[in-house]
Amino acid sequence: MKLAPNAATEPLVLSPGEVDLPALRRIHAGGARLELAGAARAGLLAAQATVRRIVEAGEVVYGINTGFGKLAQTIIPPERLAELQRNLVLSHSVGTGAPLPDGVVRLVLATKAVSLARGHSGVRPEIVDALLALFNAGLLPRIPSKGSVGASGDLAPLAHMACVLIGEGEVGTPEGETIGGTEAMRRIGLAPFVLGPKEGLALLNGTQVSTALALAGLFGAEDVFAAGLMAGALSLEAIQGSIKPFDERIHAARGQPGQIAVAGAVRALLEGSDIVPSHADCGRVQDPYSIRCVPQVMGACLDNLAHAARVLRIEANAASDNPLVFSDTGDVISGGNFHAEPVAFAADIIALAVSEIGAISERRLALLLDSGLSGLPPFLVRDGGVNSGFMIAQVTAAALASENKSLAHPASVDSLPTSANQEDHVSMATFAGRRLAEMVDNTAVVVGIEAMGACQGIELKRNADSPRSSALVEAEFAAIRERVAFIEQDRFMAPDVEAMRLWARRGDWAAPLAAVLPSRA
(Lines give C-alpha, C1' and ligand atoms only; values in the text may rest on other atoms or scores of the structure.)
Protein backbone atom coordinates (compact mmCIF):
# COMPACT_ATOMS: atom_id res chain seq x y z
CA MET A 1 0.00 0.00 0.00
CA LYS A 2 1.41 3.37 -1.00
CA LEU A 3 0.64 6.01 1.59
CA ALA A 4 0.34 9.58 0.43
CA PRO A 5 2.57 12.08 2.26
CA ASN A 6 -0.16 14.71 1.99
CA ALA A 7 -3.72 13.50 1.58
CA ALA A 8 -4.83 16.97 0.52
CA THR A 9 -2.66 16.90 -2.62
CA GLU A 10 -1.47 13.31 -3.03
CA PRO A 11 -3.88 10.41 -3.54
CA LEU A 12 -3.94 7.23 -1.55
CA VAL A 13 -3.08 4.69 -4.23
CA LEU A 14 -5.00 1.41 -3.92
CA SER A 15 -2.89 -1.56 -4.95
CA PRO A 16 -5.28 -4.56 -4.86
CA GLY A 17 -4.05 -7.20 -2.45
CA GLU A 18 -1.76 -4.75 -0.64
CA VAL A 19 -4.06 -2.29 1.15
CA ASP A 20 -2.96 -2.17 4.78
CA LEU A 21 -4.74 -1.36 8.03
CA PRO A 22 -3.42 2.20 8.46
CA ALA A 23 -4.74 2.99 4.98
CA LEU A 24 -8.11 1.43 5.80
CA ARG A 25 -8.29 3.49 8.99
CA ARG A 26 -7.59 6.64 6.95
CA ILE A 27 -10.33 5.71 4.49
CA HIS A 28 -12.78 5.19 7.36
CA ALA A 29 -11.86 8.52 8.96
CA GLY A 30 -12.35 10.48 5.74
CA GLY A 31 -10.24 13.13 4.07
CA ALA A 32 -8.31 10.79 1.78
CA ARG A 33 -8.49 10.89 -2.01
CA LEU A 34 -8.31 7.48 -3.66
CA GLU A 35 -6.72 6.33 -6.88
CA LEU A 36 -6.41 2.85 -8.36
CA ALA A 37 -2.89 1.58 -9.04
CA GLY A 38 -2.28 1.61 -12.79
CA ALA A 39 -1.05 -1.97 -12.81
CA ALA A 40 -4.51 -3.22 -11.80
CA ARG A 41 -6.15 -2.18 -15.07
CA ALA A 42 -4.59 -4.99 -17.11
CA GLY A 43 -6.21 -7.63 -14.91
CA LEU A 44 -9.58 -5.92 -15.14
CA LEU A 45 -9.42 -5.80 -18.92
CA ALA A 46 -8.29 -9.43 -19.20
CA ALA A 47 -11.15 -10.70 -17.03
CA GLN A 48 -13.65 -8.58 -18.96
CA ALA A 49 -12.36 -10.05 -22.23
CA THR A 50 -12.82 -13.57 -20.85
CA VAL A 51 -16.46 -12.87 -20.02
CA ARG A 52 -17.04 -11.31 -23.46
CA ARG A 53 -15.53 -14.37 -25.17
CA ILE A 54 -17.86 -16.70 -23.24
CA VAL A 55 -20.92 -14.70 -24.27
CA GLU A 56 -19.85 -14.49 -27.90
CA ALA A 57 -19.09 -18.22 -28.01
CA GLY A 58 -22.53 -19.07 -26.66
CA GLU A 59 -21.13 -21.00 -23.68
CA VAL A 60 -23.40 -21.40 -20.65
CA VAL A 61 -21.67 -20.21 -17.46
CA TYR A 62 -23.33 -19.50 -14.12
CA GLY A 63 -23.61 -15.82 -13.32
CA ILE A 64 -22.88 -14.72 -16.87
CA ASN A 65 -25.85 -16.01 -18.84
CA THR A 66 -27.92 -17.91 -16.27
CA GLY A 67 -30.29 -17.06 -13.48
CA PHE A 68 -29.03 -16.87 -9.92
CA GLY A 69 -29.22 -19.03 -6.81
CA LYS A 70 -32.03 -21.55 -7.15
CA LEU A 71 -32.65 -20.20 -10.69
CA ALA A 72 -29.15 -21.12 -11.88
CA GLN A 73 -30.54 -23.68 -14.33
CA THR A 74 -32.41 -20.98 -16.27
CA ILE A 75 -30.44 -19.95 -19.38
CA ILE A 76 -30.74 -16.29 -20.36
CA PRO A 77 -30.53 -15.34 -24.08
CA PRO A 78 -27.89 -12.76 -25.08
CA GLU A 79 -30.42 -10.03 -25.88
CA ARG A 80 -31.70 -10.12 -22.27
CA LEU A 81 -28.36 -10.12 -20.40
CA ALA A 82 -28.45 -6.37 -19.69
CA GLU A 83 -32.02 -6.73 -18.42
CA LEU A 84 -30.89 -9.64 -16.24
CA GLN A 85 -28.16 -7.56 -14.55
CA ARG A 86 -30.41 -4.53 -13.99
CA ASN A 87 -33.22 -6.66 -12.57
CA LEU A 88 -30.75 -8.41 -10.28
CA VAL A 89 -29.67 -5.10 -8.74
CA LEU A 90 -33.22 -3.80 -8.39
CA SER A 91 -34.71 -7.01 -6.97
CA HIS A 92 -31.96 -7.24 -4.34
CA SER A 93 -32.39 -3.65 -3.10
CA VAL A 94 -34.54 -4.66 -0.15
CA GLY A 95 -32.50 -3.40 2.79
CA THR A 96 -34.05 -1.78 5.82
CA GLY A 97 -32.98 0.12 8.91
CA ALA A 98 -30.95 3.25 9.45
CA PRO A 99 -28.34 4.08 6.80
CA LEU A 100 -24.81 2.88 7.42
CA PRO A 101 -22.48 5.55 8.87
CA ASP A 102 -20.43 7.53 6.37
CA GLY A 103 -17.14 5.98 7.48
CA VAL A 104 -18.51 2.50 6.87
CA VAL A 105 -19.81 3.47 3.41
CA ARG A 106 -16.40 4.89 2.54
CA LEU A 107 -14.88 1.53 3.43
CA VAL A 108 -17.53 -0.29 1.39
CA LEU A 109 -16.78 1.76 -1.73
CA ALA A 110 -13.03 1.40 -1.33
CA THR A 111 -12.97 -2.32 -0.56
CA LYS A 112 -15.46 -3.13 -3.33
CA ALA A 113 -13.21 -1.26 -5.76
CA VAL A 114 -10.18 -3.18 -4.48
CA SER A 115 -12.00 -6.52 -4.71
CA LEU A 116 -13.14 -5.94 -8.28
CA ALA A 117 -9.68 -4.69 -9.23
CA ARG A 118 -8.14 -8.03 -8.27
CA GLY A 119 -9.12 -8.99 -11.81
CA HIS A 120 -11.31 -12.00 -11.06
CA SER A 121 -14.74 -10.38 -11.40
CA GLY A 122 -15.09 -9.64 -15.11
CA VAL A 123 -16.19 -6.02 -14.76
CA ARG A 124 -14.90 -3.19 -16.91
CA PRO A 125 -12.41 -0.74 -15.34
CA GLU A 126 -14.95 2.07 -15.65
CA ILE A 127 -17.07 0.45 -12.92
CA VAL A 128 -14.15 0.66 -10.48
CA ASP A 129 -13.40 4.21 -11.60
CA ALA A 130 -17.00 5.21 -10.86
CA LEU A 131 -16.88 3.78 -7.33
CA LEU A 132 -13.71 5.75 -6.60
CA ALA A 133 -15.16 8.89 -8.22
CA LEU A 134 -18.19 8.71 -5.92
CA PHE A 135 -15.83 8.28 -2.95
CA ASN A 136 -13.65 11.23 -3.95
CA ALA A 137 -16.68 13.47 -4.51
CA GLY A 138 -18.07 12.58 -1.07
CA LEU A 139 -21.20 11.17 -2.73
CA LEU A 140 -21.99 8.24 -0.48
CA PRO A 141 -24.77 5.77 -1.35
CA ARG A 142 -27.47 5.47 1.29
CA ILE A 143 -27.09 1.84 2.31
CA PRO A 144 -29.63 0.45 4.82
CA SER A 145 -27.88 -1.27 7.70
CA LYS A 146 -30.10 -4.36 7.91
CA GLY A 147 -30.98 -7.15 5.51
CA SER A 148 -27.85 -9.25 4.99
CA VAL A 149 -27.10 -12.69 6.42
CA GLY A 150 -23.46 -12.52 5.31
CA ALA A 151 -23.52 -15.31 2.73
CA SER A 152 -23.80 -15.18 -1.04
CA GLY A 153 -22.34 -11.81 -0.23
CA ASP A 154 -23.87 -8.79 1.45
CA LEU A 155 -26.50 -8.88 -1.27
CA ALA A 156 -29.12 -6.35 -0.15
CA PRO A 157 -26.79 -3.62 1.13
CA LEU A 158 -24.45 -3.94 -1.85
CA ALA A 159 -27.45 -3.75 -4.16
CA HIS A 160 -28.26 -0.33 -2.70
CA MET A 161 -24.70 0.73 -3.54
CA ALA A 162 -24.95 -0.73 -7.05
CA CYS A 163 -28.29 1.03 -7.64
CA VAL A 164 -26.48 4.34 -7.77
CA LEU A 165 -24.36 3.17 -10.71
CA ILE A 166 -27.50 2.44 -12.75
CA GLY A 167 -29.15 5.74 -11.81
CA GLU A 168 -31.34 4.45 -8.99
CA GLY A 169 -31.20 4.61 -5.20
CA GLU A 170 -30.24 7.48 -2.94
CA VAL A 171 -26.96 9.25 -2.25
CA GLY A 172 -25.84 11.53 0.56
CA THR A 173 -23.86 14.63 -0.39
CA PRO A 174 -21.10 16.39 1.57
CA GLU A 175 -23.62 19.17 2.23
CA GLY A 176 -26.04 16.76 3.90
CA GLU A 177 -28.52 16.57 1.03
CA THR A 178 -30.04 13.39 -0.35
CA ILE A 179 -30.02 13.08 -4.13
CA GLY A 180 -30.91 10.33 -6.60
CA GLY A 181 -28.52 7.99 -8.33
CA THR A 182 -28.82 9.69 -11.72
CA GLU A 183 -27.93 13.08 -10.24
CA ALA A 184 -25.00 11.56 -8.33
CA MET A 185 -23.64 10.04 -11.54
CA ARG A 186 -24.10 13.38 -13.32
CA ARG A 187 -22.04 15.10 -10.63
CA ILE A 188 -19.09 12.78 -11.32
CA GLY A 189 -19.48 13.34 -15.05
CA LEU A 190 -21.05 10.00 -15.96
CA ALA A 191 -24.30 8.66 -17.31
CA PRO A 192 -25.82 5.70 -15.45
CA PHE A 193 -24.32 2.38 -16.54
CA VAL A 194 -26.07 -0.25 -18.59
CA LEU A 195 -24.50 -3.22 -16.84
CA GLY A 196 -22.83 -5.87 -18.93
CA PRO A 197 -22.68 -9.65 -18.35
CA LYS A 198 -21.76 -10.48 -14.73
CA GLU A 199 -21.27 -6.84 -13.69
CA GLY A 200 -24.38 -6.62 -11.53
CA LEU A 201 -23.62 -9.94 -9.87
CA ALA A 202 -20.01 -8.93 -9.19
CA LEU A 203 -21.20 -5.73 -7.53
CA LEU A 204 -23.69 -7.57 -5.30
CA ASN A 205 -21.62 -10.59 -4.35
CA GLY A 206 -18.87 -10.00 -1.81
CA THR A 207 -18.24 -9.40 1.88
CA GLN A 208 -17.50 -5.68 1.70
CA VAL A 209 -20.33 -4.47 3.96
CA SER A 210 -19.71 -6.97 6.74
CA THR A 211 -15.96 -6.36 6.42
CA ALA A 212 -16.41 -2.59 6.55
CA LEU A 213 -18.60 -2.86 9.66
CA ALA A 214 -16.07 -5.14 11.35
CA LEU A 215 -13.18 -2.83 10.42
CA ALA A 216 -15.04 0.15 11.88
CA GLY A 217 -15.58 -1.93 15.02
CA LEU A 218 -11.89 -2.83 15.12
CA PHE A 219 -10.81 0.80 14.89
CA GLY A 220 -13.23 1.75 17.67
CA ALA A 221 -12.06 -1.20 19.75
CA GLU A 222 -8.46 -0.04 19.41
CA ASP A 223 -9.41 3.42 20.63
CA VAL A 224 -11.20 2.17 23.74
CA PHE A 225 -8.42 -0.35 24.35
CA ALA A 226 -5.87 2.48 24.49
CA ALA A 227 -8.23 4.56 26.64
CA GLY A 228 -8.67 1.57 28.95
CA LEU A 229 -4.92 1.24 29.45
CA MET A 230 -4.59 4.94 30.19
CA ALA A 231 -7.53 4.81 32.59
CA GLY A 232 -5.94 1.81 34.29
CA ALA A 233 -2.66 3.68 34.75
CA LEU A 234 -4.56 6.64 36.24
CA SER A 235 -6.45 4.31 38.60
CA LEU A 236 -3.24 2.61 39.70
CA GLU A 237 -1.81 5.98 40.64
CA ALA A 238 -5.06 7.07 42.33
CA ILE A 239 -5.05 4.07 44.70
CA GLN A 240 -1.24 4.04 44.95
CA GLY A 241 -1.15 0.52 43.61
CA SER A 242 1.92 -1.60 43.02
CA ILE A 243 3.94 -1.48 39.81
CA LYS A 244 5.56 -4.83 40.59
CA PRO A 245 2.93 -6.92 38.72
CA PHE A 246 4.08 -5.15 35.55
CA ASP A 247 7.70 -6.35 35.89
CA GLU A 248 8.75 -7.61 32.46
CA ARG A 249 10.18 -10.84 33.94
CA ILE A 250 6.72 -12.01 35.02
CA HIS A 251 5.33 -11.65 31.53
CA ALA A 252 8.34 -13.09 29.75
CA ALA A 253 7.95 -16.17 31.96
CA ARG A 254 4.49 -16.71 30.54
CA GLY A 255 5.28 -15.67 26.98
CA GLN A 256 1.91 -14.36 25.79
CA PRO A 257 2.75 -11.55 23.31
CA GLY A 258 -0.22 -9.30 24.09
CA GLN A 259 0.44 -9.57 27.82
CA ILE A 260 4.10 -8.66 27.31
CA ALA A 261 3.16 -5.68 25.14
CA VAL A 262 0.56 -4.36 27.60
CA ALA A 263 2.88 -4.63 30.60
CA GLY A 264 5.53 -2.78 28.60
CA ALA A 265 3.07 -0.06 27.60
CA VAL A 266 1.98 0.51 31.21
CA ARG A 267 5.60 0.65 32.40
CA ALA A 268 6.31 3.23 29.69
CA LEU A 269 3.28 5.28 30.74
CA LEU A 270 4.42 5.33 34.36
CA GLU A 271 8.14 5.82 33.73
CA GLY A 272 9.35 8.71 35.84
CA SER A 273 6.38 8.69 38.21
CA ASP A 274 7.15 10.01 41.69
CA ILE A 275 3.93 8.47 43.03
CA VAL A 276 5.12 4.90 42.38
CA PRO A 277 8.21 5.06 44.65
CA SER A 278 6.44 7.21 47.25
CA HIS A 279 4.53 4.20 48.60
CA ALA A 280 7.10 1.44 48.04
CA ASP A 281 6.99 0.49 51.74
CA CYS A 282 3.28 1.01 52.36
CA GLY A 283 2.73 -2.58 53.47
CA ARG A 284 0.07 -3.45 50.88
CA VAL A 285 0.83 -6.95 49.62
CA GLN A 286 -1.38 -7.25 46.54
CA ASP A 287 -3.86 -5.18 44.58
CA PRO A 288 -7.19 -6.57 43.35
CA TYR A 289 -7.15 -8.36 40.00
CA SER A 290 -8.61 -5.40 38.09
CA ILE A 291 -5.32 -3.60 38.78
CA ARG A 292 -2.86 -6.46 39.15
CA CYS A 293 -4.04 -8.43 36.12
CA VAL A 294 -4.28 -5.59 33.60
CA PRO A 295 -1.52 -7.17 31.46
CA GLN A 296 -3.15 -10.59 31.53
CA VAL A 297 -6.68 -9.39 30.69
CA MET A 298 -5.90 -6.52 28.36
CA GLY A 299 -3.09 -8.52 26.79
CA ALA A 300 -5.53 -11.27 25.87
CA CYS A 301 -7.83 -8.59 24.40
CA LEU A 302 -4.92 -7.22 22.38
CA ASP A 303 -4.04 -10.65 21.01
CA ASN A 304 -7.63 -11.12 19.88
CA LEU A 305 -7.73 -7.69 18.25
CA ALA A 306 -4.47 -8.46 16.45
CA HIS A 307 -5.89 -11.75 15.13
CA ALA A 308 -9.09 -10.05 13.98
CA ALA A 309 -7.07 -7.29 12.33
CA ARG A 310 -5.08 -9.85 10.33
CA VAL A 311 -8.26 -11.56 9.11
CA LEU A 312 -9.96 -8.30 8.18
CA ARG A 313 -6.94 -6.92 6.33
CA ILE A 314 -6.91 -10.06 4.19
CA GLU A 315 -10.66 -9.85 3.59
CA ALA A 316 -10.50 -6.16 2.64
CA ASN A 317 -8.17 -7.19 -0.20
CA ALA A 318 -10.03 -10.34 -1.21
CA ALA A 319 -11.81 -11.34 -4.38
CA SER A 320 -15.03 -12.46 -2.72
CA ASP A 321 -17.68 -12.49 -5.43
CA ASN A 322 -18.83 -15.51 -7.45
CA PRO A 323 -18.09 -16.98 -9.91
CA LEU A 324 -14.45 -15.96 -10.26
CA VAL A 325 -12.77 -15.40 -13.60
CA PHE A 326 -9.25 -16.73 -14.20
CA SER A 327 -8.23 -15.06 -17.41
CA ASP A 328 -4.89 -16.86 -17.68
CA THR A 329 -6.72 -20.13 -18.39
CA GLY A 330 -10.11 -18.80 -19.43
CA ASP A 331 -11.82 -20.64 -16.58
CA VAL A 332 -14.81 -19.25 -14.71
CA ILE A 333 -15.22 -21.17 -11.47
CA SER A 334 -18.13 -21.11 -9.03
CA GLY A 335 -17.20 -21.28 -5.37
CA GLY A 336 -18.12 -19.71 -2.06
CA ASN A 337 -15.74 -16.82 -1.35
CA PHE A 338 -18.79 -14.67 -0.60
CA HIS A 339 -19.42 -16.66 2.60
CA ALA A 340 -18.35 -14.28 5.35
CA GLU A 341 -17.54 -16.80 8.10
CA PRO A 342 -14.00 -15.41 8.60
CA VAL A 343 -15.47 -11.94 9.06
CA ALA A 344 -18.15 -13.21 11.44
CA PHE A 345 -15.57 -14.93 13.62
CA ALA A 346 -13.34 -11.83 13.58
CA ALA A 347 -16.25 -9.59 14.58
CA ASP A 348 -17.23 -11.95 17.37
CA ILE A 349 -13.65 -11.93 18.66
CA ILE A 350 -13.63 -8.12 18.62
CA ALA A 351 -16.92 -8.16 20.53
CA LEU A 352 -15.42 -10.34 23.26
CA ALA A 353 -12.44 -8.00 23.59
CA VAL A 354 -14.59 -4.86 23.70
CA SER A 355 -16.80 -6.40 26.37
CA GLU A 356 -13.82 -7.36 28.54
CA ILE A 357 -12.16 -3.94 28.19
CA GLY A 358 -15.33 -2.45 29.66
CA ALA A 359 -15.79 -5.18 32.25
CA ILE A 360 -12.37 -4.77 33.87
CA SER A 361 -12.65 -0.99 33.65
CA GLU A 362 -15.96 -1.03 35.51
CA ARG A 363 -14.35 -3.14 38.25
CA ARG A 364 -11.52 -0.62 38.64
CA LEU A 365 -14.11 2.14 38.91
CA ALA A 366 -15.91 0.19 41.63
CA LEU A 367 -12.57 -0.24 43.39
CA LEU A 368 -11.98 3.53 43.34
CA LEU A 369 -15.36 4.12 44.98
CA ASP A 370 -14.81 1.54 47.76
CA SER A 371 -12.98 3.43 50.50
CA GLY A 372 -11.99 0.20 52.23
CA LEU A 373 -9.95 -0.88 49.19
CA SER A 374 -8.92 2.43 47.64
CA GLY A 375 -8.13 4.53 50.69
CA LEU A 376 -10.12 7.32 49.05
CA PRO A 377 -13.28 9.04 50.36
CA PRO A 378 -16.44 7.00 49.70
CA PHE A 379 -17.74 7.57 46.16
CA LEU A 380 -14.85 9.99 45.51
CA VAL A 381 -16.42 13.03 47.12
CA ARG A 382 -15.40 14.91 50.27
CA ASP A 383 -18.74 15.85 51.76
CA GLY A 384 -20.37 12.42 51.49
CA GLY A 385 -24.00 12.00 52.43
CA VAL A 386 -25.05 15.40 51.21
CA ASN A 387 -23.13 14.57 48.04
CA SER A 388 -23.34 11.19 46.23
CA GLY A 389 -20.29 11.80 44.06
CA PHE A 390 -19.65 8.98 41.58
CA MET A 391 -22.18 6.58 43.11
CA ILE A 392 -24.62 6.56 40.18
CA ALA A 393 -21.98 7.12 37.53
CA GLN A 394 -20.75 3.65 38.50
CA VAL A 395 -24.31 2.36 38.10
CA THR A 396 -24.30 3.68 34.53
CA ALA A 397 -20.99 1.94 33.91
CA ALA A 398 -22.33 -1.30 35.37
CA ALA A 399 -25.45 -1.09 33.19
CA LEU A 400 -23.42 -0.66 30.03
CA ALA A 401 -20.88 -3.34 30.94
CA SER A 402 -23.74 -5.74 31.54
CA GLU A 403 -25.41 -4.75 28.26
CA ASN A 404 -22.20 -5.55 26.41
CA LYS A 405 -22.21 -9.05 27.86
CA SER A 406 -25.45 -9.75 26.01
CA LEU A 407 -24.27 -8.06 22.83
CA ALA A 408 -21.06 -10.12 22.94
CA HIS A 409 -22.97 -13.36 22.33
CA PRO A 410 -21.42 -14.74 19.12
CA ALA A 411 -23.44 -14.03 16.00
CA SER A 412 -21.45 -16.58 13.99
CA VAL A 413 -23.04 -19.56 15.74
CA ASP A 414 -26.41 -18.68 14.21
CA SER A 415 -27.59 -19.65 10.74
CA LEU A 416 -30.95 -19.44 8.97
CA PRO A 417 -31.26 -20.98 5.48
CA THR A 418 -32.25 -18.71 2.59
CA SER A 419 -32.93 -18.92 -1.16
CA ALA A 420 -35.01 -22.11 -0.98
CA ASN A 421 -32.18 -23.91 0.87
CA GLN A 422 -29.62 -23.18 -1.85
CA GLU A 423 -27.96 -20.98 0.75
CA ASP A 424 -28.43 -23.42 3.59
CA HIS A 425 -25.67 -22.15 5.90
CA VAL A 426 -24.99 -18.46 6.43
CA SER A 427 -22.56 -16.49 8.59
CA MET A 428 -24.58 -13.60 10.07
CA ALA A 429 -21.37 -11.58 9.69
CA THR A 430 -23.16 -8.34 8.90
CA PHE A 431 -24.95 -8.22 12.23
CA ALA A 432 -21.76 -9.43 13.93
CA GLY A 433 -20.00 -6.34 12.61
CA ARG A 434 -22.91 -3.93 13.01
CA ARG A 435 -23.41 -4.50 16.74
CA LEU A 436 -19.77 -3.56 17.44
CA ALA A 437 -20.50 0.17 17.09
CA GLU A 438 -22.92 0.09 20.03
CA MET A 439 -20.56 -2.02 22.09
CA VAL A 440 -17.62 0.31 21.48
CA ASP A 441 -19.67 3.33 22.53
CA ASN A 442 -20.82 1.51 25.68
CA THR A 443 -17.24 0.71 26.60
CA ALA A 444 -16.11 4.26 25.81
CA VAL A 445 -18.57 5.51 28.43
CA VAL A 446 -17.37 2.97 31.01
CA VAL A 447 -13.68 3.70 30.42
CA GLY A 448 -14.34 7.44 30.35
CA ILE A 449 -16.10 7.36 33.71
CA GLU A 450 -13.23 5.34 35.18
CA ALA A 451 -10.65 7.83 33.93
CA MET A 452 -12.71 10.73 35.30
CA GLY A 453 -12.99 8.94 38.66
CA ALA A 454 -9.27 8.16 38.72
CA CYS A 455 -8.45 11.83 38.16
CA GLN A 456 -10.85 12.71 40.97
CA GLY A 457 -9.07 10.22 43.22
CA ILE A 458 -5.63 11.57 42.36
CA GLU A 459 -6.77 15.11 43.08
CA LEU A 460 -8.42 14.15 46.38
CA LYS A 461 -5.00 13.04 47.65
CA ARG A 462 -3.04 15.82 46.03
CA ASN A 463 -1.65 19.01 47.57
CA ALA A 464 1.15 21.35 46.58
CA ASP A 465 3.81 19.06 48.04
CA SER A 466 2.38 15.74 46.77
CA PRO A 467 4.42 13.63 44.38
CA ARG A 468 3.42 13.76 40.75
CA SER A 469 3.01 10.96 38.25
CA SER A 470 4.98 10.53 35.03
CA ALA A 471 5.03 13.17 32.31
CA LEU A 472 2.69 11.08 30.11
CA VAL A 473 0.16 10.45 32.86
CA GLU A 474 0.26 14.06 34.06
CA ALA A 475 -0.32 15.24 30.48
CA GLU A 476 -3.37 12.99 30.26
CA PHE A 477 -4.57 14.19 33.65
CA ALA A 478 -4.37 17.77 32.38
CA ALA A 479 -6.17 16.83 29.13
CA ILE A 480 -9.02 15.30 31.12
CA ARG A 481 -9.23 18.33 33.36
CA GLU A 482 -9.69 20.46 30.24
CA ARG A 483 -12.82 18.39 29.55
CA VAL A 484 -14.22 17.91 33.06
CA ALA A 485 -13.59 19.79 36.29
CA PHE A 486 -12.99 18.36 39.75
CA ILE A 487 -16.27 17.53 41.49
CA GLU A 488 -16.35 19.41 44.77
CA GLN A 489 -20.10 18.93 45.16
CA ASP A 490 -22.79 17.18 43.16
CA ARG A 491 -23.63 18.66 39.78
CA PHE A 492 -25.36 17.72 36.53
CA MET A 493 -22.91 15.01 35.43
CA ALA A 494 -24.33 13.89 32.08
CA PRO A 495 -22.21 16.43 30.12
CA ASP A 496 -19.11 15.14 31.94
CA VAL A 497 -19.96 11.58 30.98
CA GLU A 498 -20.39 12.58 27.33
CA ALA A 499 -17.14 14.54 27.36
CA MET A 500 -15.32 11.47 28.68
CA ARG A 501 -16.96 9.20 26.11
CA LEU A 502 -15.49 11.45 23.44
CA TRP A 503 -12.15 11.37 25.28
CA ALA A 504 -12.13 7.57 25.04
CA ARG A 505 -13.03 7.67 21.32
CA ARG A 506 -10.60 10.36 20.27
CA GLY A 507 -7.89 8.04 18.92
CA ASP A 508 -4.99 10.41 19.67
CA TRP A 509 -2.93 8.41 22.12
CA ALA A 510 0.56 8.59 23.56
CA ALA A 511 3.25 6.67 21.70
CA PRO A 512 3.44 3.68 24.11
CA LEU A 513 -0.27 3.05 23.52
CA ALA A 514 -0.37 3.74 19.78
CA ALA A 515 2.57 1.39 19.26
CA VAL A 516 0.61 -1.69 20.32
CA LEU A 517 -2.52 -1.01 18.19
CA PRO A 518 -2.74 -3.17 15.04
CA SER A 519 -3.87 -0.36 12.71
CA ARG A 520 -1.36 2.15 14.06
CA ALA A 521 1.76 0.07 14.66
Open item on the list: With heavy-atom distances below 4.5 Å as the criterion, would you say the side chains of V108 and T211 are in contact?
Closed with: no

TODO: Report the C-alpha distance between R187 and I179 in whole Å, list the side-chain angles of each, state the deciding distance to 0.1 Å, and finish with yes or no for side-chain contact (heavy atoms from CB on, under 4.5 Å).
DONE: CA-CA 10 Å; R187 292 191 187 187; I179 60 175; 3.8 Å; yes

Enumerate donor-acceptor pairs with a distance under 3.5 Å from any side-chain N or O in residues 130-151 to protein atoms, sequence neighbours excluded.
unit_1: N136; atom_1: OD1; unit_2: L34; atom_2: N; d: 2.8
unit_1: N136; atom_1: ND2; unit_2: L34; atom_2: O; d: 2.9
unit_1: N136; atom_1: ND2; unit_2: L132; atom_2: O; d: 3.3
unit_1: R142; atom_1: NH2; unit_2: T178; atom_2: OG1; d: 3.3
unit_1: S145; atom_1: OG; unit_2: A98; atom_2: O; d: 2.8
unit_1: S148; atom_1: OG; unit_2: G150; atom_2: N; d: 3.1
unit_1: S148; atom_1: OG; unit_2: D154; atom_2: OD1; d: 2.8
unit_1: S148; atom_1: OG; unit_2: T430; atom_2: OG1; d: 3.0

Task: Ion pair R33/E10, N-O distance below 4.0 Å - done: no

Task: No-hydrogen, no-angle side-chain donor-acceptor test under 3.5 Å, E315 and S320 - done: no

- [ ] Kindly assign one of parallel, tilted or perpendicular to the pair W503 and W509, based on the angle between their ring planes and the thresholds 30° and 60°.
- [x] perpendicular

Open item on the list: Would the distance check show the side chain of K198 and the main-chain N or O of S121 forming a donor-acceptor pair, the cut-off being under 3.5 Å?
Closed with: yes

Task: E450 and S235 side chains, donor-acceptor separation under 3.5 Å - done: yes

Task: H92-H160 aromatic ring centre distance below 6.0 Å - done: no

Open item on the list: Tell me the closest heavy-atom pair linking R41 and L36, and the distance in Å.
Closed with: NH1-CD2, 4.0 Å

Task: Donor-acceptor under 3.5 Å (S91 side chain, N87 main chain) - done: yes

Open item on the list: Does either side chain, that of S469 or that of E474, offer a donor lying less than 3.5 Å from an acceptor on the other one?
Closed with: no

Open item on the list: Do N205 and N322 pair up side chain to side chain, a donor and an acceptor below 3.5 Å, judged on atom types alone?
Closed with: no

Open item on the list: Could you check whether E362 and S290, counting side-chain N and O atoms only, form a donor-acceptor pair closer than 3.5 Å?
Closed with: no

- [ ] Determine whether V516 and V262 make a side-chain contact, defined as any pair of heavy atoms from C-beta on separated by less than 4.5 Å.
- [x] no

- [ ] Indicate the atoms forming the closest heavy-atom contact of V445 with T396, along with that distance.
- [x] CG1-CG2, 4.4 Å

TODO: Answer yes if the side chains of S115 and D321 hold a donor-acceptor pair under 3.5 Å, and no otherwise.
DONE: no

